[in-house]
S.K.: 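So that we are looking at the same thing, I have put the structure below in structure tokens.
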Amino acid sequence: MVTEHTSSSHAQVLVASNRGPITYTLGEDGTLDAKRGGGGLVSGLSAVDDKLWVCAALGDGDREAVRRGVGEPGVRMLDIDAEVHADAYNGIANSVLWFVHHLLYQTPVEPVFDTEFRRQWASYETYNRAFAEALAEEAGPEATVLVQDYHLALVPGMLRELRPDLRIGHFSHTPWAPVDYFRLLPDDIAEQLLRGILGADRAAFLTRRWADAFIGCCTEILGGTGRTRIGVHGLGADADFLRRRSHEADVDERMAALREQVGEDRKTIVRVDRTELSKNIVRGLHAYRTLLETRPEWRERVVHIAFAYPSRQDLAVYRDYTAAVQSLATEINGAYGTESWTPVVLHVKDDFARSLAAYRLADVALVNPIRDGMNLVAKEVPVVSDHGCALVLSREAGAYEELGEDAIVVNPYDVVGTAEALHEALAMSADERSGRTKRLAEAATALPPQQWFMDQLEALRQG
């Protein structure tokens with residue numbers, strides 16, 4: 001395993017995550033091109049001096065950068081064996097832990113925890129140990145370490161053994177499974193995961209519901225949470241960035257193109273998601289088709305703008321899901337479309353500027369996940385919407401805890417109920433929609449990314 005780095009040793013604030021703040025692309029001529037990411041952690045860390053971000057090399061460009069010793073101060077990228085990473089990331093994190101926490105298994109036939117699972121689990125342990133060892137090596141005396149998400153659930157416990165002097169936090173960006181579902185996992189694996197996170201001084205979650213589910217699992221399986229404190233930090237939208245970015249020239253151009261596709265004087269139902277199984281895009285399309293069937297007055301008067309950006313296409317179940325989304329959109333357009341009206345405008349190529357354009361155009365935002373740690377789209381649309389939008393929101397999204405009062409709340413499995421909610425949202429008066437949007441935007445921006453990160457850091461340091 002190669003762990004070359006360009007960081008300064010003995011940092012006082014360290015963050016560990018699978019994906020880091022920078023990605024390298026290897027050109028045909030051998031040149032390396034660096035691209036910086038965004039998000040709450042990048043924003044939050046910008047306010048901290050003497051920091052280090054430990055992350056994995058995810059692709060050929062990243063691995064080549066590590067081998068050449070290319071990097072930037074404050075980042076240590078770990079070149080973990082590609083097969084070990086694939087087992088840990090796709091085999092365990094995305095195909096087991098994600099499925100457990102989002103309740104995605106078809107339990108009559110899956111999961112099957114066989115010898116292949118055990119082999120991949122050993123890779124997950126190896127992957128987590130690489131992070132723990134790097135953090136132990138890099139952290140200064142009594143430094144603060146913030147470990148991110150389900151990819152690195154074992155790191156706090158491993159790091160605690162290596163460096164008992166450190167202040168260690170773990171943050172879960174996903175939901176946490178209720179105890180009966182969590183116990184689908186083999187008993188020893190379930191216990192190992194919980195003990196891994198309980199190696200932290202503080203384990204934090206996006207909502208009280210997910211925190212309580214974790215406490216429930218610990219109580220049932222281990223007898224309690226021990227000395228680990230439990231916290232809740234509901235990540236909010238970055239209002240300043242979104243409002244500024246959504247009025248730049250490329251967004252205006254895409255708005256004009258979308259408006260032309262939609263047609264003048266038509267209402268819009270907008271969704272922006274990855275084609276992730278938990279996002280429930282297929283049922284959302286079924287609900288829209290039910291709306292057109294049962295409420296014919298909306299035909300030719302509304303367009304569903306659906307952005308479904310491919311996710312995890314190296315997993316067959318995700319490729320199949322993306323294909324199902326495309327097929328259903330085509331069916332609806334074939335059944336109801338006219339020469340002058342395309343009922344569903346579907347885009348599957350990721351385009352952030354186009355997403356912001358859709359946010360601004362939205363009369364209704366449809367956010368109906370089966371289960372979601374938070375769902376920032378639900379928070380971002382009200383912030384960006386030009387004329388106010390009604391939010392149709394699944395009660396299974398973490399955002400429901402903060403936004404439910406001013407949203408139209410749906411059971412994500414109830415297609416007929418969701419169709420009725422879409423009708424209610426489309427028929428809402430301008431005054432009511434405006435008032436709701438204002439309150440939604442206030443709730444959505446209560447804890448912007450930088451404050452979200454700094455609050456966790458402060459809570460961990462206080463002990």
Side-chain angles (χ1 to χ4, degrees), residues 18-19 56 58 80-131 149-158 170 172-198 210 213-214 216-222 273-283 310-325 327 369-373 396 412-413:
N18 176 68
R19 183 179 298 278
L58 298 183
I80 297 165
D81 179 83
E83 290 186 9
V84 169
H85 183 269
D87 283 344
Y89 181 70
N90 279 331
I92 298 297
N94 289 343
S95 296
V96 175
L97 301 184
W98 181 272
F99 273 57
V100 166
H101 288 315
H102 290 85
L103 318 185
L104 293 177
Y105 281 122
Q106 298 180 62
T107 52
V109 293
E110 59 182 7
V112 178
F113 294 124
D114 53 12
T115 53
E116 173 63 6
F117 163 78
R118 293 287 174 171
R119 186 191 67 76
Q120 292 181 325
W121 182 258
S123 292
Y124 183 78
E125 292 174 317
T126 299
Y127 173 74
N128 275 252
R129 193 169 296 110
F131 273 84
D149 230 358
Y150 59 103
H151 313 92
L152 302 177
L154 304 182
V155 168
M158 292 174 169
H170 185 276
S172 293
H173 294 262
T174 64
W176 193 271
V179 64
D180 286 350
Y181 207 89
F182 188 72
R183 298 200 83 162
L184 289 176
L185 292 166
D187 291 353
D188 61 317
I189 300 298
E191 184 172 331
Q192 192 179 349
L193 282 164
L194 295 175
R195 291 198 187 282
I197 291 177
L198 292 179
W210 312 142
F214 175 75
C217 288
C218 291
T219 302
E220 180 82 13
I221 295 169
L222 303 177
D273 280 310
R274 293 175 296 112
T275 50
E276 157 56 50
L277 307 182
S278 64
K279 299 299 184 183
N280 208 22
I281 301 169
V282 168
R283 283 194 193 90
S311 174
R312 299 177 183 165
Q313 294 297 292
D314 42 357
L315 297 177
V317 66
Y318 282 83
R319 291 195 298 274
D320 292 345
Y321 192 74
T322 303
V325 169
S327 175
I370 293 167
R371 198 168 168 87
D372 219 330
E396 300 302 316
Y413 300 95

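If you're wondering where the values come from, they're calculated on a predicted model, not measured in any experiment. For the single chain, residues carry numbers from 1 onward in sequence order.
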S.K.: Any side-chain donor paired with an acceptor under 3.5 Å for Tyr318 and Glu276?
M.R.: yes
S.K.: Would you please name every residue forming a side chain to side chain donor-acceptor pair (under 3.5 Å) with Arg274, sequence neighbours left out?
M.R.: Ser311
S.K.: Could you check whether any side-chain heavy atom of Leu198 comes within less than 4.5 Å of a side-chain heavy atom of Leu222, counting everything from C-beta outward?
M.R.: yes
S.K.: Can you list the residues that meet the salt bridge (charged side-chain N to carboxylate O under 4.0 Å, His left out) rule with Asp87, with sequence neighbours excluded?
M.R.: Arg119
S.K.: Return the set of residues passing ring-ring contact (aromatic ring centres under 6.0 Å, His included) with Trp210 (not counting sequence neighbours), or none when no residue passes.
M.R.: none
S.K.: What is the minimum heavy-atom distance between Ser123 and Ala88, and which atoms define it?
M.R.: O-CB, 4.0 Å
S.K.: Just jot down the ring-ring contact (aromatic ring centres under 6.0 Å, His included) partners of Tyr413, sequence neighbours excluded, or say none.
M.R.: none
S.K.: Run the side-chain contact (heavy atoms from CB on, under 4.5 Å) check on Phe131 and Ile80 step by step: do they pass?
M.R.: CA-CA 10 Å; Phe131 273 84; Ile80 297 165; 4.0 Å; yes
S.K.: Mind checking whether Asn94 and Phe99 have side chains closer than 4.5 Å, heavy atoms only?
M.R.: no
S.K.: Taking all non-hydrogen atoms of both residues, which atom of Cys217 and which atom of Pro178 are closest, and how far apart?
M.R.: SG-C, 4.3 Å
S.K.: Who passes side chain to side chain donor-acceptor pair (under 3.5 Å) against His85, sequence neighbours left out?
M.R.: Asn18
S.K.: Can you check whether Thr275's main-chain N or O pairs, donor with acceptor, with Asp273's side chain at less than 3.5 Å?
M.R.: no
S.K.: Mind checking side chain to side chain donor-acceptor pair (under 3.5 Å) for Asp149 and listing every partner two or more places apart, or none if nothing turns up?
M.R.: none
S.K.: So, for Ile197 and Pro156, which heavy atoms are closest and what is the spacing to 0.1 Å?
M.R.: O-CB, 4.0 Å
S.K.: Once ring-ring contact (aromatic ring centres under 6.0 Å, His included) is applied, do any residues pair with Trp121, and if so which ones, sequence neighbours excluded?
M.R.: Tyr124
S.K.: Are side-chain heavy atoms of Glu125 and Leu154 found at a separation under 4.5 Å?
M.R.: yes
S.K.: Please identify each residue that fulfils side-chain contact (heavy atoms from CB on, under 4.5 Å) with Glu83, with sequence neighbours left out.
M.R.: Asp81
S.K.: Determine yes or no for a side-chain-to-main-chain donor-acceptor pair under 3.5 angstrom, with Tyr105 supplying the side chain and Leu184 the backbone.
M.R.: no
S.K.: Side chain to side chain donor-acceptor pair (under 3.5 Å) with Asn90: which residues, sequence neighbours excluded?
M.R.: Asp314
S.K.: What are the two closest heavy atoms between Ala190 and Phe182, and how far apart are they?
M.R.: CB-CE2, 3.6 Å
S.K.: Taking ring-ring contact (aromatic ring centres under 6.0 Å, His included) as the definition, give me every residue that meets it alongside Phe117, ordered by chain and number, with sequence neighbours left out.
M.R.: Phe113
S.K.: Of all the heavy-atom pairs spanning Gly91 and Val96, show the shortest one and how long it is.
M.R.: O-CG2, 3.5 Å
S.K.: So which pairs with a foot in residues 180-191 pass side chain to side chain donor-acceptor pair (under 3.5 Å), sequence neighbours left out?
M.R.: Arg118-Asp188, Glu191-Arg195
S.K.: Centroid-to-centroid, His151 to Tyr89, below 6.0 Å?
M.R.: yes
S.K.: Give, for atom CG of Asp372 and atom OG1 of Thr174, the distance between the pair rounded to the nearest 0.5 Å.
M.R.: 9.5 Å
S.K.: So Leu97 and Leu193, do their side chains get closer than 4.5 Å, heavy atoms only?
M.R.: yes
S.K.: Donor-acceptor pair, distance only, cut-off 3.5 Å: does the side chain of Arg371 make one with the backbone of His101?
M.R.: yes
S.K.: Going by side-chain contact (heavy atoms from CB on, under 4.5 Å), name the residues that satisfy it together with Ala213, two or more places apart in sequence or in a different chain.
M.R.: Trp176
S.K.: Between Leu103 and Glu396, does a side-chain contact (heavy atoms from CB on, under 4.5 Å) hold up when you go through it step by step?
M.R.: CA-CA 11 Å; Leu103 318 185; Glu396 300 302 316; 6.0 Å; no
S.K.: Taking C-beta and beyond as the side chain, do Tyr150 and Val100 meet within less than 4.5 Å on heavy atoms?
M.R.: no
S.K.: Between Pro369 and Asn280, what is the shortest heavy-atom contact and its length?
M.R.: CA-CB, 4.0 Å
S.K.: Quick one, Pro175 and His102 - any side-chain contact, counting heavy atoms below 4.5 Å?
M.R.: yes
S.K.: Under a 3.5 Å distance rule, please check whether Ser327 uses its side chain to pair with a backbone N or O of Ala323 as donor and acceptor.
M.R.: no
